[in-house]
There are 2 protein chains.
Amino acid sequence: MLSEFDLIKQFFQRSRPGTAALGIGDDCALLAPAPGMQMAISSDMLVENRHFFAGADARMLGHKCLAVNLSDLAAMGARPVAFTLALALPAAEPAWLGEFAAGLFALADLHDCELIGGDTTKGPLTICITIFGELAPGHALRRAAAVAGDDLWISGTLGDARLALAGYRKEVALDDAAQLLAGARMHTPSPRVALGLALAGARLAHAAIDISDGLVGDLGHILAASRVGATFDVDALPAGPALAAQPQALRRRFCAAGGDDYELCFSAAPAQREAILAAGLASGAAVTRVGTIDAAPGLRLVDARGQALDLPLAGFDHFASA
Amino acid sequence: MLSEFDLIKQFFQRSRPGTAALGIGDDCALLAPAPGMQMAISSDMLVENRHFFAGADARMLGHKCLAVNLSDLAAMGARPVAFTLALALPAAEPAWLGEFAAGLFALADLHDCELIGGDTTKGPLTICITIFGELAPGHALRRAAAVAGDDLWISGTLGDARLALAGYRKEVALDDAAQLLAGARMHTPSPRVALGLALAGARLAHAAIDISDGLVGDLGHILAASRVGATFDVDALPAGPALAAQPQALRRRFCAAGGDDYELCFSAAPAQREAILAAGLASGAAVTRVGTIDAAPGLRLVDARGQALDLPLAGFDHFASA
């Protein structure tokens with residue numbers, strides 16, 4: 001039987017040098033941002049049967065639980081530095097832990113993000129990561145910073161994660177290729193860290209949020225915090241490659257309110273259009289202009305001809321029964 | 001039905017100004033240590049039926065989950081600044097949440113520690129707090145800093161939390177008064193923040209750790225990290241007021257390896273004895289000298305006459321079945 005300390009040593013303690021003054025193995029880790037910089041901090045908890053299926057692939061789970069936290073840093077425009085991992089496990093299974101750690105560290109290394117501490121305990125499978133990024137004061141992409149007249153932008157594509165879920169639930173009949181394509185977006189999302197850094201570093205964008213609970217719901221947070229409204233063209237939303245082959249009604253619904261997308265929704269002055277397209281190209285995340293921020297409160301969804309749409313949409317609520 | 005956002009707004013978002021540049025309500029919180037200072041970071045996860053009983057008093061639980069994290073800062077000698085809270089709940093019950101928040105914030109306010117963010121989700125009751133403290137570079141009370149010849153010290157008293165558990169489990173027959181007295185140490189521990197600050201700030205101590213898994217096990221981490229040994233007098237260990245009335249064998253066992261104590265075990269040069277006693281008085285936490293750090297590896301337990309003891313003790317392992 002693997003003890004708690006053996007488990008940490010074997011799977012999570014690594015010798016690679018990092019930014020932290022002190023990593024795993026004491027009562028606390030020690031970390032300092034570069035002189036004059038702020039730390040951006042976010043914490044997410046993933047629970048079995050709620051955020052992922054029982055029996056989920058451990059390597060993909062290791063990727064995803066860090067990806068959702070990196071996505072929060074991206075939405076703030078912060079550079080990833082380090083993270084802590086608290087893990088409740090029904091049992092300490094070496095094979096599972098090896099795969100989980102492999103998925104986690106592959107993504108962590110890609111972003112130079114060091115595991116500096118945490119906790120392990122027995123319990124229902126639950127993963128809580130707290131992540132630390134660095135950014136210059138005044139550069140954060142705040143939810144409250146949208147301005148009437150701003151363009152509204154989306155990174156990457158939307159809706160494939162929700163389509164994958166619909167496929168698993170048999171709400172939609174998907175062939176194997178489509179299920180696999182959509183499933184990759186659900187299980188191994190790519191946080192838009194480089195794009196967020198470019199938008200914040202060069203002050204290209206005003207407000208930003210990551211789309212984890214669905215575009216309509218998450219954009220609603222920007223509108224409420226900024227006391228503005230928005231109009232967007234539902235048919236301009238970039239559907240994921242699997243969702244693009246589905247009927248219009250499903251495309252509209254899953255793009256506008258699918259959830260689990262981990263793309264960025266951001267607002268920026270029209271003068272920045274060229275620079276934003278260039279930042280998208282440079283960071284490997286396509287960006288699409290989908291609407292505008294309005295002075296009038298409320299969210300207006302229109303179709304490609306500019307006609308108002310009344311779609312039955314709702315953001316994801318973690319205490320709703322769905 | 002309370003939504004996730006209403007829940008955060010109603011119970012966890014407060015208007016009192018804090019240290020953080022940005023608190024709850026965006027993708028990340030923003031925090032910067034004072035110029036030249038480091039951040040000490042620790043994360044603990046508490047799981048129902050593992051770290052606390054199902055149906056545990058919500059107010060005491062709110063206190064305890066923050067106390068165990070504050071205790072990690074104390075063991076490092078860091079000043080509390082802020083924390084994040086990730087909470088999985090079977091249901092959003094306003095009465096429970098109100099009590100939990102009351103216990104949490106009462107202790108947080110006592111230590112000027114601001115809630116700056118987190119996550120809430122549906123799931124088996126699980127509480128993960130990540131805490132942030134501040135300290136000057138080089139002042140941290142590291143596990144690796146014990147030196148042969150150091151005195152070994154303990155703050156407060158030991159064993160009452162373990163006695164309370166034994167009472168609940170009917171391993172020991174306790175009258176109501178003793179159960180209540182011991183239970184208070186189990187449910188509402190007092191993290192030794194002021195003592196830790198005094199020990200680190202004036203460089204009085206070398207190594208320190210908080211005793212959460214039992215003295216023998218936790219001291220073992222100092223010995224391993226510092227490559228030293230230790231001798232301590234089991235009968236010199238300060239038993240809690242309820243445990244003090246119990247037979248010697250139980251006193252020895254619960255003091256030396258009870259767990260859940262959240263007291264500090266620290267090493268310091270003999271020249272600091274007067275200063276350490278004064279720091280204990282000033283911080284309201286009695287300190288007791290219980291042994292010495294030795295060059296010879298291993299842990300030697302002796303009785304009041306200096307005779308070697310061979311007690312069957314083990315530290316708490318979160319993956320053991322106990």
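When reading the values below, keep in mind they use all heavy atoms of this one structure, side chains included, and skip hydrogens, waters and symmetry mates. The chains referred to below are lettered A, B, ... by the order of the sequence lines, with proteins before strands, and numbering in each begins at 1.
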Working to the nearest 0.5 angstrom, can you tell me the gap between [X] [atom1] and [Y] [atom2]?
X	Y	atom1	atom2	result
M45(B)	M45(A)	CE	CE	4.5 Å
T121(B)	D44(A)	OG1	CG	9.5 Å
D119(B)	I129(A)	CG	CD1	12.0 Å

Review point. Between L22(A) and R142(B), does a side-chain contact (heavy atoms from CB on, under 4.5 Å) hold up when you go through it step by step?
Key: CA-CA 10 Å; L22(A) 181 65; R142(B) 300 276 313 271; 3.3 Å; yes
Is [X] in contact with chain B via its backbone, its side chain, both, or neither, using a 4.5 Å heavy-atom distance?
X	value
L141(A)	backbone
A29(A)	both
L135(A)	side chain

Greatest number of heavy atom pairs closer than 4.5 Å to chain A - which of [options]:
options	answer
A32(B), A40(B), A74(B)	A40(B)
G25(B), S43(B), C28(B), P124(B)	C28(B)
D26(B), T130(B), V47(B)	D26(B)
I209(B), N49(B), L73(B), I116(B)	I209(B)

Check your understanding: Is the closest side-chain heavy-atom distance between P35(A) and P35(B) below 4.5 Å?
Key -> no
Review point. Hey, are the side chains of Q38(A) and L31(B) touching, using non-hydrogen atoms and a 4.5 Å cut-off?
Key: no
Point to revise | Residue pair M39(B), L30(A): steps toward the side-chain contact (heavy atoms from CB on, under 4.5 Å) verdict | key: CA-CA 6 Å; M39(B) 299 200 57; L30(A) 297 176; over 6 Å; no
Practice item. Identify, with sequence neighbours excluded, every residue that meets side chain to side chain donor-acceptor pair (under 3.5 Å) alongside N69(A). Key: none
Expected list for residues 76-90 of chain A: side-chain donor-acceptor pairs under 3.5 angstrom, two or more places apart:
residue: R79(A); atom: NH2; partner: E134(A); partner atom: OE1; Å: 3.0

Exercise for review: Count the heavy-atom pairs under 4.5 Å between each of I41(A), T126(A), I131(A) and chain B, then report the option with the highest count.
Suggested key: I41(A)
